[in-house]
Amino acid sequence: MSVFTAVAPETLSRWLGHYAIGRLVELQGISAGVQNSNFFVTTTLGRYVLTLFEAIPRAELPYFLHLMAHLARHGLPVPAPIADRDNEYLGTLSERPAALVMRLSGKSEMAPGERHCERVGAMLAGLHLAGLSYGRRQENPRGAAWRTAAAARVRPFLPEDEQALLDAELAFQAAANYGHLPRGVIHADLFRDNVLWDGDFIGGVIDFYFAGHDALLFDVAVTVNDWCTTEDGELDAQRTAALLSAYHAERPFTDAERANWPAMLRAAALRFWLSRAEDYHLPKPGEMVLVKPPAEYRDILRLRIAGTPPLPL
Ligand SMILES: Nc1ncnc2c1ncn2[C@@H]1O[C@H](COP(=O)(O)OP(=O)(O)O)[C@@H](O)[C@H]1O
Ligand SMILES: N[C@@H](CCOP(=O)(O)O)C(=O)O
């Protein structure tokens with residue numbers, strides 16, 4: 001359940017007085033999600049999502065909110081944040097930083113086919129292209145430096161064979177040359193549960209709170225590792241080809257990206273093995289995070305090390 005902080009309807013009604021979106025009709029906690037408290041809010045003027053930020057430092061939040069506004073302005077189905085009467089996106093509610101965004105339509109598809117993967121590939125490329133003109137900059141919070149630091153934190157909790165896997169992968173990633181890859185704004189967590197489908201169309205891309213500046217190919221690898229992986233952790237050839245071809249049609253891959261693809265799939269797998277292992281072994285006191293199984297991404301990493309098809313283009 002992802003309502004870590006309760007909000008009383010009377011408190012919200014008063015808070016909505018800072019906005020121009022009418023009066024509260026309904027407030028409903030949202031059970032999905034792992035890191036923030038989320039609520040569906042219906043007012044006399046529309047449907048919104050209220051997020052109370054439980055962990056991200058307040059100073060980092062404007063980057064995410066302005067990014068969502070930027071992408072929405074570029075025509076992508078990203079929830080536009082709602083400005084209050086002082087023209088601010090970020091407020092305070094129940095002693096937490098809080099923001100309202102537009103509620104988008106659709107629901108997640110947890111068993112995607114080729115068609116879904118094709119649309120997601122095209123959407124990701126559109127997001128990367130629109131992100132090029134975003135003026136703010138914040139590094140990927142789960143980038144290379146974070147991965148090294150997180151590995152040191154979780155290593156003591158791992159059995160010997162996993163420590164060996166981790167050490168070898170860190171050495172491999174440290175030797176990789178990602179210097180010439182195109183960089184820009186990445187979503188960095190474009191998993192199946194962060195895309196809402198409205199029939200065959202993407203009605204919404206949500207959860208930008210891991211976004212940042214990094215190699216665009218890292219984002220592609222994160223997305224492929226989730227959308228195109230079968231239950232046994234292998235890449236499904238058709239879904240992978242569908243996603244990558246659709247992406248490539250909008251933003252063609254460079255030679256450097258082609259050369260680094262297998263290594264980047266490993267970096268992306270490592271990132272989620274580490275974050276899940278850290279949430280599992282080192283839960284932060286007072287922070288309620290729903291833990292997803294670390295073993296899933298440990299095994300995906302092992303499989304990507306064993307072999308990866310090249311970019312099929
Ligand atoms: N703008 C939105 N429009 C519609 N539904 C949303 C929106 N934002 C979040 N949701 C719903 O809330 C759930 C949790 O949101 P998410 O951003 O994944 O939470 P968390 O940040 O805690 O991981 C999503 O699975 C989705 O059902
Ligand atoms: N996608 C990550 C966890 C982040 O969860 P989200 O609900 O915020 O997308 C994982 O699978 O480990």
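Whatever order the structure lists them in is the order used to number ligands and atoms, beginning at 1. Values below: all heavy atoms of this structure, side chains included; hydrogens, waters and symmetry mates excluded.
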Test of proximity, [X] against ligand 1: N or O pairs below 3.5 Å:
{"X": "I30", "answer": "no"}
{"X": "Y209", "answer": "no"}
{"X": "L104", "answer": "yes"}

Can the ring centroids of [X] and [Y] be said to lie less than 6.0 angstrom from one another?
{"X": "Y63", "Y": "F208", "value": "no"}
{"X": "F53", "Y": "Y209", "value": "yes"}
{"X": "F191", "Y": "F272", "value": "yes"}
{"X": "H70", "Y": "H66", "value": "no"}

Numbering as shown, the atoms of ligand 1 that approach [X] to under 4.0 Å (heavy-atom distance):
{"X": "N194", "answer": "18 (O)"}
{"X": "P79", "answer": "1 (N)"}
{"X": "N36", "answer": "21 (O), 22 (O)"}
{"X": "R103", "answer": "3 (N), 4 (C)"}
{"X": "M102", "answer": "1 (N), 2 (C)"}

Determine whether the side chain, the backbone, both or neither of [X] has a heavy atom under 4.0 Å from any heavy atom of ligand 1.
{"X": "T51", "value": "neither"}
{"X": "K107", "value": "neither"}
{"X": "V49", "value": "side chain"}

Numbered atoms of ligand 2 (with element) below 4.0 Å of [X], judged on heavy atoms:
{"X": "D207", "value": "6 (P), 7 (O), 8 (O), 9 (O)"}
{"X": "F272", "value": "2 (C), 10 (C), 12 (O)"}
{"X": "F191", "value": "1 (N), 10 (C), 11 (O)"}
{"X": "N194", "value": "9 (O)"}
{"X": "R276", "value": "10 (C), 11 (O), 12 (O)"}

Heavy-atom contact check, 4.0 Å cutoff: does F40 meet ligand 1? yes
With a 4.5 Å heavy-atom cut-off, do L244 and F253 have their side chains touching? yes
What's the spacing between L12 CG and L24 CG if we round to 0.5 Å? 5.0 Å
I'd like to know if [X] and [Y] make a salt bridge, using a cut-off of under 4.0 Å between side-chain N and carboxylate O.
{"X": "D279", "Y": "R276", "result": "no"}
{"X": "R271", "Y": "D214", "result": "no"}
{"X": "R137", "Y": "E139", "result": "yes"}

Residue part near ligand 2, for D193, under 4.0 Å between non-hydrogen atoms: side chain
Over 12 non-hydrogen atoms of neighbours within 6.0 angstrom of CZ in F201: no
Donor-acceptor pair, side chain of N140 and main chain of H213, under 3.5 angstrom: no
